[in-house]
Amino acid sequence: MALTGVLRPGHAQLRVLNLEEGVHHYRDVLGMVETGRDEQGRVYLKCWDERDHNSLVLREADRAGIDFVGFKVLDKATLDKLEGDLRAYGLATERIPAGELLATGERVRFRLPSGHDIELYAEKQAVGNGLQVLNPAPWTKASENGIAPVRLDHCLLYGPNIAEVQKIFCDVLGFYLVERVLTPDGAGNVAIWLSCSHKVHDIAFVEHPEPGKLHHLSFLLESWEEVLRAADIMAMNNVQVDIGPTRHGVTRGCTIYAWDPSGNRFETFMGGYQPYPDYEPTTWTFDGLGAGGGLDYPQRKLHESFLSVVT
Ligand SMILES: [Fe+2]
């Protein structure tokens with residue numbers, strides 16, 4: 001098997017200011033499937049085409065933002081090995097017992113220098129995508145509810161010391177650098193896009209003084225028509241749009257950034273290219289992010305909110 005180690009981003013726990021408002025947004029407007037609620041009052045959702053029990057966990061809190069992002073790894077042996085590798089690298093790890101998140105096995109949690117909690121886990125209950133495994137139909141009724149993305153695709157996180165974050169993901173967890181934006185003086189990176197797969201990003205970071213911040217959680221659509229339909233659905237439901245529909249120069253993704261009712265930014269997007277680990281990373285200058293169209297290729301400007309609004 002070619003894809004081993006860390007497989008994909010599997011779950012994210014998001015803080016919302018009002019739980020039922022958040023559930024309405026992610027279930028009824030974005031169109032995820034609610035799969036459970038736990039004793040702590042957290043609500044679990046998945047995108048229609050995801051096969052594991054949950055990918056988004058909503059927790060009511062008095063400030064918005066992200067609690068943690070979890071990556072699914074191949075198996076328990078991989079989980080043990082990667083925990084050992086993280087410790088050998090000098091990071092403290094914590095084991096969270098199976099079942100603390102619904103339908104999810106034991107998790108290994110560690111904190112990045114950027115202030116974000118990242119988890120690895122090997123097991124989450126497979127509940128399927130509503131289609132048979134034998135001779136399936138191409139889609140199901142759940143794929144017509146709301147915006148209806150197929151999966152939680154990636155997140156963009158803001159925090160300090162992304163140079164060290166890159167080392168942890170690339171040297172310990174087997175990710176590779178796909179694209180980057182240089183600092184204004186060209187001496188380092190102000191933004192990095194990292195992949196553990198054939199996707200143009202599985203996680204991304206922007207250098208930012210405040211630790212632990214969320215820029216956006218991103219959900220994948222399958223066509224540009226679906227992105228435009230998402231824009232219509234956002235307008236019909238008074239969802240506040242930040243940028244788009246447009247195309248990023250970085251990753252070539254065709255995107256909308258918008259805010260959930262708590263002020264967490266989310267993205268619905270399609271496209272991008274398929275990188276391999278042997279590709280030379282694509283580099284953008286700091287000016288290239290704005291005037292070069294890295295953020296918004298048609299408008300070629302650095303929208304002020306991109307660098308300033310995070311939760
Ligand atoms: Fe994104």
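Atoms within a ligand are numbered from 1 in the order they appear, just like the ligands themselves. Residue indices begin at 1 and follow the sequence shown.
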Quiz item: Closer than 2.8 Å to the Fe ion (ligand 1), do we get an N, O or S atom from D153, backbone or side chain?
Solution: no

Quiz prompt | Y257 and H303 aromatic centres sub-6.0 Å | solution = no

Practice problem: State whether H154 contributes an N/O/S atom found under 2.8 Å from the Fe ion (ligand 1). | Solution: yes

Quiz item: Do you know which of K46, R8, K124 makes salt bridge (charged side-chain N to carboxylate O under 4.0 Å, His left out) with D52?
Solution: R8

Quiz prompt | For the Fe ion (ligand 1): the N/O/S atom of H216 at shortest distance | solution = NE2

Practice problem: Using only N, O or S atoms, tell me which atom of E267 is closest to the Fe ion (ligand 1). | Solution: OE1

Self-check item: Same apolar cluster: W193 and Y158, side chain cutoff 4.5 Å
Solution: yes

Exercise. Report whether L295 and L156 are members of the same hydrophobic cluster (ILVMFWY, side-chain heavy atoms less than 4.5 Å apart, transitive linking).
Key: yes

